[in-house]
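Here's the structure, in structure tokens; my notes come after.
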Amino acid sequence: MRIGIVILPDQRWSDSQRRWRQADEWGFDHAWTYDHLGWRDLVDGPWFDSVTTLTAAATVTSRIRLGTLVASPNFRHPAAFARQVTALDDVSGGRLLLGLGAGGIGFDSAVLGGETLPPRQRVDRFAEFTELLDLILREDGTTWRGEWFSAVDARSDPGCVQTPRVPFVVAANGPRSMRLAARFGQGWVTTGPTVEDLENWWAEVAGAAARMDATLAAAGRDPGTLDRYLSLDSAPVFSLSSAEFFADQVGRAAALGFTDVVTHWPRDSSWYAGDEAVLVDVATRLLPELRRA
């Protein structure tokens, strides 16, 4: 079991950098940040760019893997994003994990003045985004004309440090996105459903894991070749409510076949509100044991 942590880009770097350093020193396997132009009600407070934040994080860490949770086509074009991905993989020395998702509704889908797409069209766009990004990162000089994106001789030289490209961790809950994860992903990440009962949430997560198994079987892919990430804090109870609760949630994820779990650095209020002392306890006392779970 590998354990990761999300550090929201809602603090100035002078304050935030200690968190990235600390996550590296504590031994977390991966650290992530949200790739949004603004997120939910936090859009009214400080918010910083994900790629710049991860680049800065790469310069103050040495071991931990770094990732977007998750980048989407709401405001990104594969040709331009591929250049950023290549640079970030280079600066980090090949430690980048690229979380990708279809993109939801809200500030990101509205701030550029475009229409808010229904779910089917968002997945259509995501499928094309993922395929084109994969192609550009693997081959230098890509020309493409699709329904959602176009590229003319898009370049990727010198390519990613990781070969044939950075790992894609594809966010998927529905059947079409799961098929994308099976086709393009080195990892799959799920948030589970939006429900108010913890046991119902775990039951739905178990169902999603089973559907992913079936999707991989239909694609003829060895299930052992796909890492499985669970965002624990999409559940109705914050995973760092206590050290004991966190350990229990990690154990439940492992029992369902997840290889990785992700928690969030506690905030003072609102989303992921909690006590940083619980995180310190988990990181210093439980993390080595939980990673062996």
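On a predicted model such as this, the values are computed, not experimentally measured, just so you know.
- Scanning both residues, A154 and A151, for their nearest heavy atoms gives CB-CB, 4.1 Å.
- The CG atom of D124 sits 15.0 Å away from the CZ atom of F129 when rounded to the nearest 0.5 Å.
- Taking 4.0 Å as the cut-off between side-chain N and carboxylate O, R2 and D29 do not count as a salt-bridged pair.
- Using a 4.5 Å cut-off between side-chain heavy atoms of Ile, Leu, Val, Met, Phe, Trp and Tyr, with links allowed through other members, L42 and L37 fall into different hydrophobic clusters.
- In this structure, the side chain of R21 does not engage the main chain of T61 through any donor-acceptor pair within 3.5 Å.
- Note that OG of S92 and CG of L97 are 9.0 Å apart. Values are rounded to the nearest 0.5 Å.
- Using modelled atom types, no side-chain atom of S72 and backbone atom of A102 make a donor-acceptor pair closer than 3.5 Å.
- Between D134 and R138 a salt bridge is recorded (basic side-chain N to carboxylate O distance below 4.0 Å).
- Judged by distance alone, with hydrogens and angles left aside, the side-chain atoms of T225 form a donor-acceptor pair with the main-chain N or O of D222 at under 3.5 Å.
- Here the side chain of N74 pairs a donor or acceptor atom with the backbone of G104 at under 3.5 angstrom.
- For the pair P266 and D275, the tightest heavy-atom approach, listed with the atom from each and the gap, is CG-O, 3.9 Å.
- Interatomic distance, CG of L69 versus OH of Y229, reported as 10.0 Å (0.5 Å rounding).
- L98 is listed as a side-chain neighbour of L100, based on a closest heavy-atom distance under 4.5 Å.
- For D35 and R76, the salt-bridge test passes: some basic side-chain N is under 4.0 Å from an acidic carboxylate O.
- Here CD of E276 is found 10.5 Å from CG of L240. Values are rounded to the nearest 0.5 Å.
- No salt bridge links R63 with E25; every basic N to acidic carboxylate O contact stays at or beyond 4.0 Å.
- Between Y272 and W39, the two ring planes are parallel [angle under 30°; tilted spans 30° to 60°].
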Inset, instruction - Go through the steps to decide whether S62 and D24 satisfy the test side chain to side chain contact (heavy atoms under 4.5 Å, CB included), and finish with yes or no. - result: CA-CA 7 Å; S62 61; D24 192 36; 3.5 Å; yes

Inset, instruction - For side chain to side chain contact (heavy atoms under 4.5 Å, CB included), just list the numbers for D90 and T86, CA-CA rounded to whole Å, side-chain angles, deciding distance to a tenth of an Å, and then say yes or no. - result: CA-CA 6 Å; D90 183 64; T86 302; 5.8 Å; no

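- Looking at S177, its side chain never comes within 3.5 Å of a backbone N or O of N173 through a donor-acceptor pair.
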Legend entry - Test side chain to side chain contact (heavy atoms under 4.5 Å, CB included) applied to I136 and W144, step by step: CA-CA 10 Å; I136 294 173; W144 172 286; over 6 Å; no

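- Looking only at side-chain heavy atoms (C-beta outward), V60 and W13 come within less than 4.5 Å of each other.
- A pairwise comparison of heavy atoms in M178 and A208 identifies CE-O, 3.5 Å as the closest pair.
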Legend entry - Working for side chain to side chain contact (heavy atoms under 4.5 Å, CB included), residues D41 and S270: CA-CA 9 Å; D41 59 340; S270 185; 3.7 Å; yes

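- Taking the charged nitrogens against the carboxylate oxygens, D10 and R267 do have a contact shorter than 4.0 Å, which makes a salt bridge.
- Closest heavy-atom contact between V43 and G38: CG2-CA, 3.9 Å.
- Side chain of Q249 to backbone of S239: no donor-acceptor contact under 3.5 angstrom is found.
- Between F107 and H36, the ring center distance fails the sub-6.0 Å criterion.
- Without hydrogens or angle criteria, R183 side chain to L180 main chain gives no donor-acceptor distance under 3.5 Å.
- D140 approaches D157 most closely through the heavy-atom pair OD1-N, 3.3 Å.
- W148 is not listed as a side-chain neighbour of P73, based on a closest heavy-atom distance of 4.5 Å or more.
- Criterion: ILVMFWY side-chain heavy atoms under 4.5 Å apart, direct or through other members. Under it, F258 and V237 are part of a common hydrophobic cluster.
- Residues L88 and F48 are members of separate hydrophobic clusters, defined by side-chain heavy-atom contacts under 4.5 angstrom among Ile, Leu, Val, Met, Phe, Trp and Tyr.
- Looking at S109, its side chain does come within 3.5 Å of a backbone N or O of G106 through a donor-acceptor pair.
- Q186 and R165 are linked by a side-chain donor-acceptor pair at a separation below 3.5 angstrom, with hydrogens and angles left out of the test.
- You'll find the side chain of T68 reaches within 4.5 Å of the side chain of L54, heavy atoms only.
- A salt bridge is absent between R125 and E131: the closest approach of a Lys/Arg side-chain nitrogen to an acidic carboxylate oxygen does not fall below 4.0 angstrom.
- When the shell of 6.0 Å around CD1 of I105 is examined, it contains 12 or fewer heavy atoms from other residues, nucleotides or ligands.
- Placement of V262 and W201 within a single hydrophobic cluster is found when ILVMFWY residues are connected by side-chain heavy-atom separations under 4.5 Å, directly or transitively.
- Between the OG1 atom in T263 and the CZ atom in F28 there is a gap of 7.5 Å [rounded to 0.5 Å].
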Legend entry - Residues F238, H264; criterion ring-ring contact (aromatic ring centres under 6.0 Å, His included); working and verdict: CA-CA 9 Å; F238 183 40; H264 288 70; 7.3 Å; no

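- The two residues V91 and A58 come nearest to each other via the heavy atoms CG1-CB, 4.1 Å.
- With rounding to the nearest 0.5 Å, the separation of CG in D260 from CD1 in I3 is 9.5 Å.
- Applying the ring pair (Phe, Tyr, Trp, His ring centres under 6.0 Å) test between W265 and each of W20, W32, W271, W26 identifies W26 as the sole match.
- R211 has no carboxylate O lying under 4.0 Å from a charged side-chain N of D213, or vice versa, which leaves the two without a salt bridge.
- F75 and F126 are assigned to two separate hydrophobic clusters, defined by single-linkage of ILVMFWY side chains at heavy-atom distances under 4.5 Å.
- Residues D153 and T142 form no side-chain contact, since every pair of their non-hydrogen atoms from C-beta on lies 4.5 Å or further apart.
- Using a 4.5 Å heavy-atom threshold, the side chains of D89 and Q162 count as touching.
- Proximity of L137 to V166: side-chain heavy atoms (C-beta onward) are separated by under 4.5 Å at one or more points.
- Counting heavy atoms from C-beta outward, R95 and I64 have side chains that approach closer than 4.5 Å.
- Between the side chain of S242 and the backbone N or O of F245 there is at least one donor-acceptor pair closer than 3.5 Å.
- With hydrogens and angles disregarded, a donor-acceptor distance shorter than 3.5 Å links the side chain of T259 to the backbone of R228.
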